[in-house]
Amino acid sequence: MKGYGGDVREPYLTVDRWLKSQEIEDLKRKSSDAESLFRRTGITFAVYGDGATTERLIPFDIIPRILSAAEWRRLAAGIEQRVRALNAFIYDIYHRQEIIRAGRIPEDLIVQNAAFLPEMMCVEPSRGIYAHIIGIDIVRTSENEFFVLEDNTRTPSGVSYMLENREAMMHMFPELFARNRVAAVEDYPDNLRLTLESVAPPGLDEEPTVAVLTPGIHNSAYFEHSFLADQMGVDLVEGQDLVVSDGELQMKTTQGMKRVDVLYRRVDDAFIDPLNFRRDSMLGVPGLFDVYRAGRLTLVNAPGAGIADDKSVYTYMPDIIEFYTGRAPILKNVPTYVCRKPDDLAYVLEHLPDLVVKQVHGSGGYGMLVGPTSTKDEIDMFRMLVKARPDRYIAQPTLALSTCPTLVEKGIAERHLDLRPFVLVGDRVRLTPGGLTRVALRDGSLVVNSSQGGGTKDTWVLQD
Amino acid sequence: MLGRTANDLFWMSRYIERAENIARLLEVGYRIALLPREGHGQDEEWQSTLRSAGSEQRYLEKYGTYDSTNVINFMLFAADNPSSVYSCLASARRNARAQRIALTREMWESLNSAWIDFSAQDPNKLRSNELPHLFDWIKQRSALFRGALLNTILRNDTFYLTQLGTFLERADNTARILDVKYYVLLPHNEFVGGEIDSVQWAAILRSVSAHRSYRWVYKSSYKPWRVADYLILNRQMPRSLRSCYQEIVPALDELAAFYGAARSGKENRCQALARETMNLLATGDMTTIFQSGLHEFLLDFIARNNRLANEISRAYHFTDEVAAC
């Protein structure tokens with residue numbers, strides 16, 4: 001919230017004044033109101049292996065995170081450039097692989113990669129798009145410095161929290177919205193539907209039928225699946241509701257079978273089709289991938305799109321953007337040491353206490369080392385792990401993440417943040433102002449993942 | 001709409017209705033347990049409560065003997081009793097959660113809150129004198145859910161399916177309550193019966209919340225054949241078998257019309273079956289029913305009602321198995 005010298009930055013002025021006029025006890029009461037609102041609405045996520053309490057809330061902080069219109073314009077331009085490059089990259093990887101021929105990225109980075117799906121070679125997805133729904137994790141390190149931490153091109157989640165957080169804020173603090181011109185986020189579901197319809201297989205004789213495929217009510221993101229289907233007004237299906245017949249994907253309805261044209265699937269690649277991928281999958285539909293490959297169904301995101309959110313590919317993103325857009329990246333990558341490169345490995349092993357070490361294929365904040373907050377034993381353990389399999393690890397400097405006032409047990413305190421804007425790519429790029437702000441609730445912590453005790457905030461983009 | 005969605009919506013509304021009916025049955029049992037009595041034992045009262053709910057067998061296996069606290073706990077909180085209020089609400093919520101997209105926010109929230117609050121109840125801390133309050137609370141939550149449904153839901157297949165679930169379940173419940181106690185309604189009882197029977201008649205009416213409205217309709221004290229008439233054939237009484245079918249028949253017609261069946265002019269099997277049952281109720285009279293046997297009439301009705309549920313499930317592809325037929 002504050003800039004250099006500790007002055008409150010301009011976008012936060014009204015909220016800062018409002019905060020100072022509030023009693024902490026009132027804010028805490030509002031905060032617990034919000035919690036019971038979320039619980040009653042059922043905005044929960046499942047926690048595995050937790051016995052009876054399998055539905056939990058993600059903590060919601062009532063103090064908004066605010067971006068100015070100018071800050072957002074710059075981010076938006078960078079995000080749009082990035083998602084176009086990501087899609088061009090995936091298309092190229094599954095076709096002529098020009099970027100490898102040009103020597104801009106090493107071949108084994110792709111062909112040896114677990115996220116590379118050889119079955120997708122030469123498949124032509126509708127409009128040539130693979131990653132339709134992308135979440136880009138961004139951190140801020142100073143007033144004018146933003147870095148991209150990660151590109152999520154498989155099934156980024158959290159957009160329902162972005163929408164519900166705004167609902168809750170408008171419900172609890174209408175006065176704040178009267179005093180600030182906050183860009184609306186509520187057209188996301190419409191945009192999602194437009195995007196999905198725009199990538200339907202070409203040549204349909206009627207309006208495309210869209211459905212959302214969920215693994216079921218026990219999935220940790222089930223709430224989001226049903227929320228999005230509901231908001232778009234489309235069916236929420238499970239594998240058991242679908243069959244492949246006559247070369248089409250069909251769903252079992254009260255009136256018999258109905259063709260599905262676009263499937264927004266929230267089931268991982270490996271599980272979508274037991275005939276083509278994991279044979280033990282109960283979540284998918286036998287033959288689904290064959291319908292897709294024949295161009296009679298659009299899968300969103302496309303199978304194999306995950307090649308672009310691999311952490312070792314990430315390190316090449318500046319090259320990738322330049323290669324496909326002909327311009328320098330607007331948003332920077334965090335400087336990253338790739339442990340499979342001997343020089344980088346040597347540096348990483350020297351500087352472990354200052355670095356964040358991540359697994360190349362990890363996610364959710366599991367299996368990572370945050371050097372500055374770790375014990376000597378933890379650091380030693382990671383030294384062994386990295387030495388044993390350097391190709392599995394990357395490392396980044398610990399960044400001075402920006403903070404925002406947050407309501408905690410003892411009152412209001414500064415906590416570290418990141419930002420995940422949600423981008424839709426179809427007939428055009430659609431970007432919702434803001435996104436999901438995640439906040440590390442423990443003092444000094446830099447880990448914002450909800451699986452690691454992180455919370456969320458409403459994210460405001462102010463309008464000029 | 002997915003066949004699975006239709007199935008879940010139908011059962012969601014059945015379970016909510018069932019939870020409410022269980023609360024009402026328990027309320028009556030609890031009330032009678034408080035009354036001083038001779039001869040007619042409390043055991044019989046709890047036995048008929050459990051029998052109406054279809055839980056007698058399971059209860060006896062678990063406890064062996066009738067006991068107020070055990071019966072009430074078993075019917076309110078037992079997770080191993082599929083007909084307990086707890087199990088009904090859990091099942092209703094599970095169905096609703098699987099089909100949240102078919103529910104309005106108001107419906108989901110009323111059901112989810114009911115579940116959250118009820119599952120937070122600690123049976124061991126509940127005092128006996130708090131029970132009437134809890135029974136009322138359950139009925140209120142069910143009313144709140146129905147109110148939210150009626151006020152917010154689109155009049156499409158979602159609505160018709162929930163109507164069908166509610167009224168099929170209600171008809172089944174009323175018929176079972178009557179069947180368990182049919183003997184106190186038989187005409188000869190008027191002569192042999194004393195105060196006890198009057199209490200029984202009142203209990204039957206209470207278990208369908210009709211003890212006061214009865215007087216408005218019949219303008220006389222409780223008479224067994226009138227109690228039977230009220231619960232079976234009366235078109236004003238909202239829980240009578242006839243009333244239920246007055247909702248079921250149009251819901252089925254509108255559902256078929258919504259799916260465009262009206263254009264083909266063909267009636268499906270569930271419509272025909274519902275209309276046939278409706279005719280029995282609309283043209284029947286209590287004298288004939290008593291002559292041919294009240295118990296037999298009720299058993300036949302319960303069987304018909306079940307058959308209708310199966311026909312609906314088949315007609316609208318609730319599950320794979322019947323979709324293949």
Side-chain angles (χ1 to χ4, degrees), chain A residues 35-46 52-55 57 160 163-164 167-168 171 189 209-219 221-243 245 250-258 260 264, chain B residues 1-10 79 90 93-117 119-120 148 154 156-158 160-161 164 255-256 258-261 264 268 270 312-325:
Chain A
E35 190 169 307
S36 82
L37 185 74
F38 282 135
R39 196 170 285 284
R40 284 185 192 265
T41 328
I43 308 178
T44 52
F45 71 107
T53 12
T54 50
E55 290 169 39
L57 291 176
S160 55
L163 296 166
E164 290 288 353
E167 282 292 312
H171 181 76
T209 301
V210 176
V212 177
L213 175 66
T214 173
I217 62 169
H218 301 295
N219 184 269
Y222 176 75
F223 164 73
E224 178 154 304
H225 307 161
S226 69
F227 177 87
L228 290 174
D230 183 32
Q231 298 276 310
M232 289 192 286
V234 304
D235 280 307
L236 177 66
V237 299
E238 294 179 16
Q240 54 169 315
D241 301 315
L242 300 171
V243 286
S245 169
Q250 302 183 339
M251 60 180 172
K252 303 169 191 167
T253 76
T254 48
Q255 297 164 274
M257 296 306 206
K258 185 163 198 277
V260 177
Y264 175 19
Chain B
M1 177 188 287
L2 295 175
R4 184 169 55 85
T5 304
N7 185 53
D8 285 350
L9 289 171
F10 179 77
R93 180 179 182 267
R94 195 174 48 246
N95 290 137
R97 188 158 177 261
Q99 305 303 336
R100 259 196 74 162
I101 66 163
L103 270 56
T104 62
R105 191 163 185 144
E106 285 85 349
M107 286 165 73
W108 163 254
E109 282 180 21
S110 73
L111 178 49
N112 195 37
S113 319
W115 166 248
I116 291 169
D117 294 343
S119 54
L154 288 178
N156 58 15
D157 41 359
T158 315
Y160 305 128
L161 287 161
L164 290 173
L255 183 60
F258 178 78
Y259 285 142
S264 71
N268 59 36
C270 48
I312 294 172
S313 147
R314 191 167 294 132
Y316 296 105
H317 309 292
F318 280 12
T319 58
D320 274 343
E321 189 196 353
V322 290
C325 296

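Letters A, B, ... mirror the listed sequences (proteins, then strands); counts begin at 1.
A:Lys252 contributes atom NZ, which lies 9.5 Å from atom OG1 of B:Thr319 (distance to the nearest 0.5 angstrom). Rounding to the nearest 0.5 Å gives a distance of 13.5 Å between CZ of A:Arg40 and CZ of B:Arg105. Once rounded to the nearest 0.5 Å, the distance linking CE of B:Met1 with CG of A:Asp235 reads 8.0 Å. Here OH of B:Tyr316 is found 11.5 Å from OG1 of A:Thr253. Values are rounded to the nearest 0.5 Å. Between the OH atom in A:Tyr222 and the CZ atom in B:Arg100 there is a gap of 8.5 Å [rounded to 0.5 Å]. Interatomic distance, OG1 of B:Thr104 versus CG of A:Asp230, reported as 9.5 Å (0.5 Å rounding).
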* **Steps toward side-chain contact (heavy atoms from CB on, under 4.5 Å) verdict (A:Ile217, B:Arg94)** => CA-CA 9 Å; A:Ile217 62 169; B:Arg94 195 174 48 246; 4.0 Å; yes
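In terms of modelled atom types and a separation under 3.5 Å, the side chain of B:Asn112 and the main chain of A:Arg39 share a donor-acceptor contact.
A:Glu238 touches chain B through backbone and side chain together, each having a heavy atom under 4.5 Å away. Using a 4.5 Å cut-off between heavy atoms, A:Val234 contacts chain B through its backbone alone, with no side-chain atom that close.
In terms of heavy-atom proximity, B:Ile101 sits nearest to A:Ala229 at CG2-CB, 3.8 Å. Between A:Asp241 and B:Leu2 the shortest heavy-atom distance is OD2-CD1, 3.6 Å.
Taking B:Ala6, B:Ala98, B:Ala315 one by one and counting their heavy-atom pairs under 4.5 Å with chain A, the maximum is reached by B:Ala98.
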